[in-house]
Peer 1: 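Dropping a structure here in C-alpha cells format, bear with me for questions.
It should be emphasised that the depicted structure is a prediction, and the values quoted were computed from it without experimental measurement.
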Amino acid sequence: MTSGENADAGGRGPGVRGPKGSGTAEASGAGDIVRTLELLWDTGRRPSRGPKPGLTLERIIEAAVGVADTEGLEALSMRRVAAELGTGAMSLYRYVPGKAELLDLMLDRVQRPSANPADLGDGGWRSALEAMGRATLTLYSRHPWLLHVNQSRPILGPSALDGMEKVLSRIRPMGLPDRELVSVIILVDSYVVGAARTRVHEAERERRTGLTDIEFWEAQVPILTEVMASGRFPLIAALDEDTWGSDFDHFEFGLQRILDGLEVEVARRAQDTSRQAPDASRGAPDASRGAQDTSRRTPHPGSADAPPGK
C-alpha cells in the first residue's frame with residue numbers, strides 16, 4: 001500500500017487526531033486536527049506545485065463537494081475526487097493529507113455565510129434567528145450528505161466563526177448571558193437539523209424506491225380505514241380530514257413557536273432587571289445632608305472638640 005493509499009484508508013500522517021466516526025457515518029475532526037486548521041486558516045506550509053497544471057486546494061474542495069452532492073458521501077474518496085479533476089489520487093496528497101481532512105474543508109466551504117447583511121433579517125434578533133433557521137434548512141436540502149456527518153466535534157474554520165459572529169451581533173440585544181446566547185443558537189440549529197433530517201430522508205426513500213410520498217400513504221388507506229372504524233382509536237379517527245394535508249408547514253410552525261417562547265423569556269428577563277434596578281431618587285445620597293453631617297463631625301479651630309494645639 002502506498003503512502004497516499006494509506007492516508008485515504010485512515011493513516012493520515014502525524015499530528016493530533018480526532019475520533020473516527022462509528023459505522024458508516026463520517027465525523028468532523030477525525031483527521032490531523034492541527035494540519036486541518038492550518039489549511040483552513042492558511043497558516044501552515046503551502047503545498048508544492050504538482051505536475052497537474054491548475055490544480056489547487058480550492059478546486060479539490062469544490063470537486064469533493066460536487067461528488068458528495070451528486071453521488072452521496074459514501075461515494076467520496078480521494079480517488080473519486082481525483083478522477084473528477086482528471087488527475088491521479090497521489091496528486092491530491094500534495095494539497096490535503098487525506099479524506100478526513102478534506103471532509104472538514106468541505107464542511108467549512110458549504111457553511112460559508114452570506115456576505116449580504118439583509119440575508120440575516122431586518123436587524124432584530126427574532127428575524128435573525130428566523131433567517132438562520134431557514135438558511136440552515138436550505139443548506140441541508142442542497143447538501144443532504146451533511147446529515148451523515150457527526151459534527152459534535154467541529155473544526156472551527158473561517159466559515160464557522162464568521163457565521164457565529166454575524167448571528168451573535170444580531171441576537172446580543174436579547175440581553176441574555178453569553179452562554180445562553182450560544183444555547184439559543186444551538187436550540188434553533190438542533191430544531192432545524194431534526195426537520196431537515198425528516199425531509200432529506202423522505203426524498204431519499206422516494207428516490208431509492210420510486211414510490212412517491214403520496215403513493216406510500218395511499219397504499220395504507222384501505223387497512224387503516226378499517227382500523228379507524230373499529231373504534232380503537234377514537235381521537236385519531238375524529239381528527240379533521242385536512243390534518244395530514246401537505247399544505248401545512250410544520251417546519252415554520254415549529255420555528256415560530258420556538259421564537260415565541262424566546263420572546264416571552266427575553267421579556268421576562270427585561271422585566272426582572274427593571275424591578276431589581278435601584279430607584280435613583282431613593283438610592284442617591286443627599287449631598288446637602290452629607291455636607292451638614294460632615295460639618296458637624298469636623299471640629300473647627302478653637303472649638304472644644306478641636307485637637308490640642310489647634
Side-chain angles (χ1 to χ4, degrees), residues 21-28 65-76 103 106-107 109-114 119-121 126-154 159-160 163-164 167 182-221 223-225 227-228 233 235-262:
S22 59
T24 59
E26 300 288 350
S28 59
V65 170
V67 169
D69 285 347
T70 57
E71 302 176 27
L73 199 60
E74 63 275 10
L76 182 69
L103 180 60
M106 293 165 59
L107 291 171
R109 171 57 54 83
V110 300
Q111 296 182 70
R112 182 176 293 170
S114 170
D119 289 341
L120 204 55
R126 177 165 183 146
S127 66
L129 291 175
E130 284 179 345
M132 185 192 83
R134 293 167 186 152
T136 303
L137 185 66
T138 299
L139 175 68
Y140 283 106
S141 298
R142 289 176 178 171
H143 309 287
W145 54 270
L146 285 170
L147 292 169
H148 299 288
V149 181
N150 181 343
Q151 298 187 59
S152 59
R153 289 186 173 182
S159 295
M164 177 167 280
V167 174
V182 172
S183 188
V184 165
I185 296 176
I186 294 173
L187 169 65
V188 175
D189 185 72
S190 298
Y191 167 72
V192 176
V193 169
R197 191 178 304 280
T198 299
R199 290 192 179 187
V200 168
H201 285 178
E202 288 175 349
E204 286 180 350
R205 293 307 300 163
E206 182 171 331
R207 184 175 63 255
R208 294 185 180 185
T209 64
L211 196 66
T212 68
D213 203 46
I214 294 176
E215 292 170 338
F216 172 79
W217 291 112
E218 285 182 344
Q220 301 185 55
V221 169
I223 298 297
L224 291 181
T225 299
V227 171
M228 290 301 108
F233 306 101
L235 295 180
I236 299 176
L239 291 174
D240 294 335
E241 292 185 1
D242 63 350
T243 298
W244 312 108
S246 59
D247 58 332
F248 185 80
D249 193 336
H250 292 279
F251 169 78
E252 194 65 29
F253 177 82
L255 178 62
Q256 295 304 322
R257 300 298 75 75
I258 289 174
L259 298 177
D260 287 345
L262 289 172

Peer 1: Tell me whether the rings of Phe251 and Tyr191 are parallel (<30°), tilted (30 to 60°) or perpendicular (>60°).
Peer 2: parallel
Peer 1: Please round to the nearest 0.5 Å and tell me the distance separating atom OG1 of Thr198 and atom NE2 of His201.
Peer 2: 8.0 Å
Peer 1: Working to the nearest 0.5 angstrom, can you tell me the gap between Glu26 CD and Glu74 CD?
Peer 2: 10.0 Å
Peer 1: What heavy-atom pair brings Leu107 and Ser28 nearest, and what distance separates the two atoms?
Peer 2: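 That closest heavy-atom pairing would be CD1-CB, 3.6 Å.
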Peer 1: Checking Asp247 now: which residues fulfil salt bridge (charged side-chain N to carboxylate O under 4.0 Å, His left out) with it, not counting sequence neighbours?
Peer 2: none
Peer 1: Go through Val193 and Asp189 one step at a time and tell me if the side chain to side chain contact (heavy atoms under 4.5 Å, CB included) criterion holds.
Peer 2: CA-CA 6 Å; Val193 169; Asp189 185 72; 4.0 Å; yes
Peer 1: To the closest 0.5 Å, what do you measure between CG (Leu255) and CZ (Phe253)?
Peer 2: 11.5 Å
Peer 1: Applying salt bridge (charged side-chain N to carboxylate O under 4.0 Å, His left out), can you list everything that pairs with Arg205, at least two apart in sequence or on another chain?
Peer 2: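 Scan of Arg205 (salt bridge (charged side-chain N to carboxylate O under 4.0 Å, His left out), adjacent residues dropped) gives none.
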Peer 1: How long is the straight-line distance from OG1 of Thr225 back to CD of Gln220, given to the nearest 0.5 Å?
Peer 2: 11.0 Å
Peer 1: I'd like to know if the side chain of Asn150 reaches the main chain of Ser152, judged simply by a donor and an acceptor atom lying under 3.5 Å from each other, with no hydrogens or angles considered.
Peer 2: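 Checking the backbone N and O of Ser152 against the side chain of Asn150, a donor-acceptor pair under 3.5 Å is found.
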Peer 1: List the atom of Pro113, the atom of Ser159, and the distance in Å for their closest heavy-atom pair.
Peer 2: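 Closest pair (atom of Pro113, atom of Ser159, distance): CD-O, 3.7 Å.
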Peer 1: Between Tyr140 and Val200, which heavy-atom pair has the shortest distance, and what is it?
Peer 2: O-CG2, 3.9 Å
Peer 1: Under 4.5 Å between any side-chain heavy atoms of Leu103 and Trp145, yes or no?
Peer 2: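 Counting from C-beta outward, Leu103 and Trp145 do come under 4.5 Å.
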Peer 1: When you measure from the side chain of Glu71 to the backbone N and O of Val67, does any donor-acceptor pair fall under 3.5 Å?
Peer 2: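 No.
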Peer 1: Once rounded to the nearest 0.5 Å, what's the spacing between atom CG of Leu129 and atom CD1 of Ile185?
Peer 2: 7.5 Å
Peer 1: What pair of heavy atoms forms the shortest contact from Asp249 to Arg199, and how long is it?
Peer 2: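 In terms of heavy atoms, the two residues are closest at OD1-NH2, 3.8 Å.
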Peer 1: Which pair of non-hydrogen atoms, one from Met132 and one from Leu120, has the smallest distance, and what is that distance?
Peer 2: N-CD1, 4.4 Å
Peer 1: Taking all non-hydrogen atoms of both residues into account, name the closest pair between Arg142 and Asp69 and its distance.
Peer 2: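 Closest heavy-atom pair between Arg142 and Asp69: O-OD1, 3.7 Å.
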Peer 1: So, taking the atom named OG1 in Thr136 and the one named CD in Gln111, what distance separates them when rounded to the nearest 0.5 Å?
Peer 2: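 So the gap between those two atoms works out to 8.5 Å.
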Peer 1: What pairs meet the salt bridge (charged side-chain N to carboxylate O under 4.0 Å, His left out) rule with one or both residues in residues 251-260, with sequence neighbours excluded?
Peer 2: Arg126-Asp260, Arg134-Glu252, Arg257-Asp260
Peer 1: Begin from the C-alpha positions of Trp244 and Leu239 and carry the test side chain to side chain contact (heavy atoms under 4.5 Å, CB included) through to its verdict.
Peer 2: CA-CA 9 Å; Trp244 312 108; Leu239 291 174; 3.8 Å; yes
